[in-house]
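Here is the structure we will look at, set down as structure tokens.
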Amino acid sequence: MNRVLAIILGGGAGTRLQPLTLTRAKPAVPLGGKYRLIDIPISNCINSGILKIYALTQFNSQSLNRHLSLTYNLSSGFSSGFVEVLAAQQTPDSPSWFRGTADAVRQYRELFEAWDVDQVLILSGDQLYRMDYAAFVEAHRASGAALTVAALPVDSSAAEGFGLMRTDATGRIREFREKPKGELLEAMRVDTAALGLSASEAERRPFLASMGIYVFERDTLFNLLASHPQATDFGQEIIPAALASGQQLQSYLFDAYWEDIGTIKAFYDANLALADDQPAFSFYDEQDPIYTRSRYLPPSQIREARVRRSVLSEGCLLDRCVIEHCVLGLRLRVEEGAVLEDTLVMGADGYESEAERALVRSLGGVPLGIGAGSVVKRAILDKNVRIGANVQVINKDRVQEADRSELGITIRSGIVVIEKGVTLADGMVI
């Protein structure tokens, strides 16, 4: 795998994940209590032996850059590996920001072309899954294809939201359409049993969706980018252009857990699913661990609290509270009598001592964490929130969509999102 270069695409402004992306790039959004979204593709690369990794981003790249620099130091006297952020920049040759996935790679083409590699692996920075990229690359090499696309079998209800591939029995791509509907959708049905699914699963999931994960032959990638200078997107333009030119394109079936973390609801559901008894995605895998920054925090302390079906990160203090089906981030303080249900809390960037908390209260402020007697249900609390005593975050009016940016509160799909650093005063009801 030392002949493979990995490029992770950070995506756009992440508007569907706002307000979580107001101050950070989408791949830097916290996940599962202590991780970041970018940790998923990077860990998959490391576990697959792919150690030349670039992450391309355009919006709010500082937090992503800081996380990567503090987490991944792959270079040593025995390795030439690296993880490096490349932010969008305006130059005389490229006067615009990234206009799409393909354009982002094109703008750094000279840097990528300087590497003596055989294949380029293109990945997304906002997906949750575990994949052996080495097996993916080896299948690509064995097929002799110019490009291989990772394919997820899906049913008809999900198919409309993806780029779809129509393949033959060998998995060779014969047609590619971006988000087809109606008759065009039906024309994209594939016998997925020929690709490895059981007969019942093939009947249920007869469509092959592009996961936005590609292996290009090095020269194929750069030739396509050069010969189609106006093409900005891989799925909409580059892949159809490669097909039209008669090159061999192959699909690679991936039949395991995969989630695109593109919306607040998808993000919320994927995080809370980690607290299930048998989660579809688990961080408990010794063979293929998910890496993240080491913080050397103390263990969490539970003082007569009741905790059920929850994920608890390091450095927390739970004081005679009730935690039911939650994911709790680093350094979270929950005071006596508080109740958290079906909630994701991202924790805090630092601690407040008892003396500091007393001083904050004496000055009329609210200490970090969840105050005594407060109730929080079906919510996402970003980092460093301060929830006062006897606050209720319960969406009492069952609102589905709302923007109260002046208060630092957003509601998406009925999920209340409290922005980073926001304070809710004692007794407040949402």
_I want to know whether Tyr54 and Phe112 have ring centres closer than 6.0 Å._
yes
_Close side-chain approach of Lys52 to Glu84, heavy-atom, < 4.5 Å_ = no
_Between Gln119 and Glu217, do the side chains contain a donor N or O and an acceptor N or O under 3.5 Å apart?_
yes
*Listed by chain and number, what are the salt bridge (charged side-chain N to carboxylate O under 4.0 Å, His left out) partners of Arg172, not counting sequence neighbours?*
none
_Tell me whether Arg3 at atom CZ has more than 12 heavy atoms from other residues, nucleotides or ligands lying less than 6.0 Å away._
yes
*Are the side chains of Val29 and Ile261 in touch, meaning some heavy atoms are under 4.5 Å apart?*
no
*Within 45° of the ring axis of Tyr257 and under 6.0 Å from its six-membered ring centre, is that where the NZ or CZ of Arg130 lies?*
no
*asked:* As a quick check of understanding, evaluate salt bridge (charged side-chain N to carboxylate O under 4.0 Å, His left out) for Arg16 and Asp126, giving each step before the final call.
replied: CA-CA 12 Å; Arg16 294 187 300 161; Asp126 57 357; over 6 Å; no
*asked:* Would you compute the distance between atom CG of Leu147 and atom CG of Leu249 and round it to the nearest 0.5 angstrom?
replied: 4.0 Å
*So, for Pro153 and Leu253, which heavy atoms are closest and what is the spacing to 0.1 Å?*
CD-CD1, 3.7 Å
_Under 3.5 Å: donor-acceptor pair, side chain of Asp403, backbone of Thr410_ = no
*Is any side-chain heavy atom of Leu407 less than 4.5 Å from a side-chain heavy atom of Val422?*
no
*Which pair of non-hydrogen atoms, one from Cys321 and one from Ala338, has the smallest distance, and what is that distance?*
CB-O, 3.2 Å
*Flag the pair Arg109 and Asp103 as a salt bridge only when some basic side-chain nitrogen lies within less than 4.0 angstrom of an acidic carboxylate oxygen.*
no
*When you look at Glu113 and Arg218, which way does the side-chain contact (heavy atoms from CB on, under 4.5 Å) test go after all the steps?*
CA-CA 8 Å; Glu113 276 192 308; Arg218 176 189 181 280; 3.9 Å; yes
_Val417 vs Asp382, side-chain contact (heavy atoms from CB on, under 4.5 Å): CA-CA, chis, key distance, verdict_ = CA-CA 8 Å; Val417 185; Asp382 206 335; 5.9 Å; no
*asked:* Using modelled atom types and a 3.5 Å cut-off, is there a donor and acceptor pairing between side-chain atoms of Arg331 and backbone atoms of Ala348?
replied: yes
_Do Asn47 and Tyr291 have side chains that approach each other closer than 4.5 Å (heavy atoms only, starting at C-beta)?_
yes
*To the nearest 0.5 Å, what is the distance between CD1 (Ile42) and NE2 (His67)?*
6.5 Å
*Main-chain N/O of Arg36 paired to Asp39 side chain as donor or acceptor, under 3.5 Å*: yes
_Heavy atoms from other residues, nucleotides or ligands near NZ of Lys396 exceed 12 (cutoff 6.0 Å)_ = no
*asked:* With a 3.5 Å distance limit and no angle check, can you tell me whether Asn395 reaches the backbone of Val416 through a side-chain donor-acceptor pair?
replied: no
_Can you confirm whether Glu237 sits close enough to His228 that some side-chain heavy atom of one is under 4.5 Å from a side-chain heavy atom of the other?_
no
*Count the heavy atoms of every other residue, nucleotide or ligand shown that sit under 6.0 Å from CD of Glu401, and state whether that count exceeds 12.*
yes
*Report the residues that fulfil ring-ring contact (aromatic ring centres under 6.0 Å, His included) with Tyr252, sequence neighbours left out, ordered by chain and then residue number.*
Phe136
*Considering all heavy atoms, the nearest Met165-Val190 contact*: O-CG2, 3.5 Å
*Quick check: does any side chain N or O of Ser251 sit under 3.5 Å from a backbone N or O of Gly171, one acting as donor and the other as acceptor?*
yes
*Taking side-chain contact (heavy atoms from CB on, under 4.5 Å) as the test, write out the residues that go with Asp342, two or more places apart.*
Tyr268, His325
*asked:* Can you tell whether the side chains of Lys179 and Glu160 come within less than 4.0 Å, N to carboxylate O?
replied: no
_Whether over 12 other heavy atoms sit under 6.0 Å from Glu406 CD_ = yes
_Set of side-chain contact (heavy atoms from CB on, under 4.5 Å) partners for Ala102, sequence neighbours left out_ = Leu225, Phe234, Ile238
_Treating Asp191 as the side-chain partner and Ala193 as the backbone partner, does any N or O pair qualify as donor plus acceptor under 3.5 Å?_
yes
*Taking side chain as C-beta onward, heavy atoms only, is Ser300 less than 4.5 Å from Leu318?*
no
*asked:* Just so I know, are the side chains of Arg189 and Phe207 near enough to count as touching, which here means a heavy-atom distance under 4.5 Å?
replied: yes
_side-chain hydrogen bond (donor to acceptor under 3.5 Å, both in side chains) assessment of Asp168 paired with Thr170_ = CA-CA 5 Å; Asp168 61 21; Thr170 69; 2.6 Å; yes
*CD (Glu178) with more than 12 external heavy atoms under 6.0 Å*: yes
*Show your working on side-chain contact (heavy atoms from CB on, under 4.5 Å) between Ile290 and Phe281 and close with a plain yes or no.*
CA-CA 11 Å; Ile290 302 301; Phe281 181 92; 4.2 Å; yes
*asked:* With no hydrogens and no angle check, just 3.5 Å: does a side-chain donor-acceptor pair link Ser157 and Asp155?
replied: yes
_Close side-chain approach of Tyr129 and Asn44, heavy atoms under 4.5 Å_ = yes
*Roughly how far, to the nearest 0.5 Å, is the OG1 atom of Thr148 from the CZ atom of Arg141?*
11.0 Å
_Residues forming a side-chain contact (heavy atoms from CB on, under 4.5 Å) with Ser245, sequence neighbours excluded_ = Gln247
*Does Tyr284 offer a backbone N or O that forms a donor-acceptor pair with the side chain of Ser282 under 3.5 Å?*
yes
*Can you sort out the partners of Leu70 under side-chain contact (heavy atoms from CB on, under 4.5 Å), two or more places apart, ordered by chain and number?*
Arg66, Arg293
_Please report the interatomic distance CD(Glu175) to OG1(Thr167), rounded to the nearest 0.5 Å._
11.0 Å
*Would a distance-only check, ignoring hydrogens and angles, find a side-chain to backbone donor-acceptor pair under 3.5 Å from Gln250 to Ser143?*
no
*Rounded to the nearest 0.5 Å, what's the gap from CD1 on Ile8 to CD1 on Ile38? Could you check?*
4.5 Å
*Does atom CZ of Arg204 have more than 12 heavy-atom neighbours, drawn from other residues, nucleotides or ligands, at distances under 6.0 Å?*
yes
_Quick check: closest heavy atoms across Lys34 and Arg295, and the distance to 0.1 Å?_
O-NH1, 3.5 Å
_Test side-chain contact (heavy atoms from CB on, under 4.5 Å) applied to Arg205 and Val154, step by step_ = CA-CA 5 Å; Arg205 296 182 290 165; Val154 297; 5.6 Å; no
*What closest approach, in Å, do Leu123 and Pro41 show between heavy atoms, and which atom pair accounts for it?*
CD1-CB, 4.3 Å
*To the nearest 0.5 angstrom, please state how far the CE atom of Met346 sits from the CG atom of Asn384.*
11.5 Å
*Please report the closest heavy-atom contact between Cys316 and Gly329, naming both atoms and the distance.*
SG-O, 3.0 Å
